[in-house]
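Structure first, then comments.
Order of the sequence lines sets the chain letters (A, B, ...), proteins ahead of strands, with each chain counted from 1.
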Amino acid sequence: MVDYISGLNDPQRQAVMHGDGPLMIIAGAGSGKTRVLTYRIAYLIENGIDPFRILALTFTNKAAGEMRHRIEKVVGTEARNIWMGTFHSVFAKILRIEARAIGYTSNFSIYDTDDSKSLLRSIIKEMGLDDKVYRVNSVFSRISGAKNRLIGPDDYLNNAVIQADDESARMPHIGRIYKQYSVRCFAANAMDFDDLLFNTNVLFRDHLDILNKYQHKFQQVMVDEFQDTNISQYLITRKLAAVHQNICVVGDDAQSIYAFRGANIENILNFQRDYGKENVKIVKLEQNYRSTKTIVEAANSIIARNKQQLEKHVFTDNEDGPPIDVIKASSDNEEGRLVASAIFETKMNESLTNNDFAILYRTNAQSRAFEEALRKMSIKYRIIGGLSFYQRKEIKDLIAYLRFTVNQQDEEAFKRIINLPKRGIGDTTVAKISVIAAEKQDSIWEIVAEITKHVAGRSAIAIEGFADLIKSFKLLLDQKDAYEVASHIAKASGLLKELYDDKTVEGLARYENVQELLNAIKEFVDNPDNEEKSLAAFLQSVSLLTSADEKEDDGDNDKVTLMTIHAAKGLEFKNVHIVGMEEDLFPSQMMLESRNDLEEERRLFYVAITRAEKRLTMSYAETRYHYGRLKMCEPSRFLMEIDQRYLKMSKLRSAPSRMDFDRPERANPGRDRSESTSTGSMAFVRSLAQKTARTQTPQTAATHTPSPDFAPSNTADLASGQRVEHAKFGFGTVKQVDVNGTERKATILFDVVGEKTLLLSFAKLRVVT
DNA sequence: ATGTTTGCGCTTTTT
DNA sequence: GCGCAAACAT
């Protein structure tokens with residue numbers, strides 16, 4: 001047997017060996033929380049608890065996987081049987097089993113945020129509401145917020161406070177939209193993310209026999225990152241633990257950073273009250289093993305100002321370590337350069353690897369300057385977050401096919417694939433079918449499946465072809481495993497062929513992505529941890545993946561990590577750079593405006609600081625191109641853009657006589673393009689390029705030479721799909737806001753680097769001092 | 001029905 | 001910049 005107990009400190013041991021009854025572990029940052037949790041589970045198993053009767057809820061799939069792995073090292077393969085995963089994945093699994101009880105079938109679809117918003121968009125349109133007033137994003141977040149507080153559509157409509165709220169927000173019909181949204185999701189046999197939790201609550205509320213089954217089944221319930229649970233999640237755990245009273249929650253109130261998503265810090269603050277003060281055992285893990293004294297003290301001093309918190313004193317026996325550095329940069333680009341060279345220097349001086357470094361920022365958009373600077377210094381980096389693999393169009397397309405094959409009620413999947421690849425079924429036809437379906441009170445699929453009975457003509461034949469295709473796919477479901485079905489669908493649907501025929505660079509990449517998805521399905525089928533290998537099971541696991549779960553793209557893992565602070569939770573690095581530390585950016589102006597929650601921003605800062613083991617560097621820029629981003633795009637698209645702009649410019653036959661990129665204060669808002677003198681476009685391009693070369697920093701200017709013949713001549717390259725390396729500059733326009741708040745159009749530069757095109761834009765400028 | 005162009009609004013964090 | 005939708009053209 002592995003002796004893991006003797007290496008633990010006192011409170012850690014108490015937590016691991018605690019027997020029955022509610023247990024709350026307050027785990028300061030770096031206090032060995034994961035260790036305690038894994039050992040506790042291992043300890044329970046060694047002491048005779050059946051792994052099938054342990055429920056462990058984590059925040060990410062990755063955390064669950066890692067923990068399972070570590071438990072396996074102690075207790076062996078038994079660890080596989082633990083019910084462990086995120087709230088969403090575990091309860092999706094339970095809902096699959098119990099779907100019938102709440103009127104769903106077990107192959108229900110899971111709508112991701114895009115699906116939800118697309119459905120909301122249709123509903124808003126159908127209801128004849130103004131989509132400029134009813135913004136999809138705000139409607140979605142209102143509905144999501146309601147669901148997280150367990151307020152269903154009818155409660156929502158009957159709640160005077162909420163109605164008054166919507167009234168004053170000038171969106172009085174949100175309740176009706178919500179109601180319709182729920183009806184449509186249900187009709188589509190689909191649940192969104194929030195529904196997975198909401199419906200679990202409904203299931204347990206309305207079906208006491210089912211609740212009873214799980215209450216007795218789960219002898220031990222563990223919740224990791226308890227500070228980030230919302231009311232809906234909290235109630236589920238509370239119900240499940242009601243019989244055995246064996247609930248163990250682990251968390252750190254100081255690291256609660258998801259209130260914007262409905263997380264309720266009260267859950268952790270009130271745990272004792274809810275389970276009875278005398279029954280709850282509280283263990284505080286206060287010794288930090290991760291960071292230097294300097295870092296721990298810095299973190300403590302930030303959090304000390306918060307009012308809402310549990311009492312604890314995080315300390316460390318580690319050495320003092322180096323002082324915290326602050327880098328002041330004049331612009332965001334300089335910040336990038338300074339951080340990159342600081343990383344380079346530290347790496348050399350202390351013979352470290354890229355892996356030892358992380359750059360943490362408040363918003364994803366900030367990554368640009370750092371990417372650029374790191375690339376220039378040939379330091380490898382990886383970005384966590386942003387657009388994930390599963391959000392790519394080609395992936396979503398194939399998944400929509402798979403989803404529709406499994407569940408023909410899935411309206412969003414249907415909309416996506418009905419005319420993909422193009423088969424001559426347009427919007428009017430789809431609208432016609434919807435009308436017929438509504439008249440006959442049938443689902444759309446019932447009409448589509450027997451289209452010839454309802455409609456005749458050319459479009460009917462096309463739809464019949466589609467219906468036959470889906471019918472043939474359905475037949476495979478029971479005969480073949482998920483991988484075989486999926487690859488058949490990819491081929492037979494024509495999706496794969498369409499991508500294969502596309503010989504452009506991006507077409508090739510898309511083709512490979514689809515292959516990659518098929519590989520992932522194969523892996524899923526081959527993985528012994530997955531007891532169910534159906535396509536439906538795969539789809540559910542896939543919809544609940546997070547950006548943190550993405551696997552490493554290649555073998556080279558020695559990279560500097562760039563990510564948001566939120567994404568960094570649970571990770572640690574020797575050296576951490578917290579960047580963009582400016583008023584309104586971090587702390588975020590939006591957060592302060594919308595929620596007025598400076599405390600959460602402080603906790604976010606706390607999380608960021610405590611990721612560092614040895615060295616912490618903070619930086620800020622005096623001038624920042626706030627929404628300026630460096631984006632990758634393919635050469636062909638780039639050329640198209642250039643071409644468009646060029647033509648537009650030729651048409652206008654005018655150009656600004658004065659352009660200033662670097663210094664907004666010197667901008668001349670009174671002058672705009674229309675009143676400028678008419679100049680030849682090429683001359684304008686040249687002067688623009690020269691001007692920019694001058695105003696940019698010397699090293700940038702040196703590497704960029706204006707190319708006189710970049711625009712129309714390159715269209716040929718677009719057609720042949722060749723790489724274009726000689727194009728150096730292009731231009732476009734963006735809105736720019738100067739210090740006085742005056743808006744004007746500004747010209748931006750396109751900058752081509754190698755095979756990728758980088759679009760460098762300066763928009764909505766804001767100066768921070 | 002489909003392809004192309006143009007204009008508009010948005011842009012915190014994410015299961 | 002991006003995604004989207006409306007307008008316009010084929």
- Query: Between B:dT14, B:dT15, B:dC10, which one does the side chain of A:Arg135 approach most closely?
  - Reply: B:dC10
- Task: Report which part of the nucleic acid A:Thr113 touches: base, sugar-phosphate, or nothing (heavy-atom distance under 4.0 Å, all strands).
- Result: base
- Message: Judged by each residue's nearest nucleotide on DNA chain B, which is more toward the 5′ side, A:Leu197 or A:Arg423?
- Response: A:Arg423
- Task: Please determine if a side-chain N or O atom of A:Thr564 lies less than 4.0 Å away from the OP1 or OP2 oxygen of B:dT14.
- Result: yes
- A:Thr429 side chain, from C-beta outward: closest of B:dT2, B:dT14, B:dA1: B:dA1
- Task: Looking at every strand, decide which applies to A:Asp194 at a 4.0 Å heavy-atom threshold: base, sugar-phosphate, or nothing.
- Result: nothing
- Provide, to the nearest angstrom, the distance between the CG atom belonging to A:Leu120 and the P atom belonging to C:dC4. 14 Å
- Note on the structure: Per atom distances to the A:Arg362 side chain, the nearest of B:dG9, B:dT13, B:dT11 is B:dT13
- Return the nearest nucleotide to the side chain of A:Thr428; candidates are B:dT15, B:dA1, B:dT14. B:dA1
- Message: Distance check needed: B:dT15 P versus A:Met191 CE, whole Å only.
- Response: 20 Å
- More than 12 non-hydrogen atoms from neighbouring residues, nucleotides or ligands closer than 6.0 Å to NZ on A:Lys415, yes or no? yes
- Query: Between A:Glu601 and A:Arg362, is there a salt bridge with N-O shorter than 4.0 Å?
  - Reply: yes
- Message: Tell me the interatomic distance from A:Lys422, atom NZ, to B:dA1, atom P, rounded to whole angstroms.
- Response: 12 Å
- Message: Rounded to whole Å, how long is the line connecting atom CG of A:Asn230 with atom P of B:dT15?
- Response: 14 Å
- Query: Across the strands shown, which category fits A:Phe87 at heavy-atom distances under 4.0 angstrom: base, sugar-phosphate, nothing?
  - Reply: nothing
- Indicate yes or no: does A:Asp112 engage A:Lys117 in a salt bridge with an N to O separation below 4.0 Å. no
- Where the side chain of A:Thr363 is concerned, which of B:dT2, C:dA5, B:dT13 is the nearest nucleotide? B:dT13
- Query: Out of B:dT15, B:dT13, B:dC10, which nucleotide sits closest to the side chain of A:Phe193?
  - Reply: B:dT15
- Message: Measure NZ/A:Lys147 against P/B:dT14 and give the value in whole Å, please.
- Response: 21 Å
- Indicate the ring-plane relationship of A:Tyr258 and A:Phe59, choosing parallel, tilted or perpendicular according to the 30° and 60° boundaries. tilted
- Can we say A:Arg121 and A:Glu126 salt-bridge, meaning some charged N sits less than 4.0 Å from an Asp/Glu carboxylate O? no
- Item | Closest to the A:Lys125 side chain, choosing from C:dA6, B:dT15, B:dT13 | C:dA6
- Query: How long is the line joining OH of A:Tyr111 and P of B:dT14, in whole Å?
  - Reply: 25 Å
- Query: Could you give the CG-to-P distance, from A:Asp112 to B:dT14, as a whole number of Å?
  - Reply: 15 Å
- Do A:Asp192 and A:Tyr181 get their side chains close enough for a donor-acceptor pair, meaning under 3.5 Å? yes
- Query: Can you find a side chain N or O atom of A:Thr60 that sits less than 4.0 Å from OP1 or OP2 on B:dT15?
  - Reply: no
- Message: Closest approach to the side chain of A:Asn137, judged atom by atom: which nucleotide of B:dT14, B:dC10, B:dT2 is it?
- Response: B:dC10
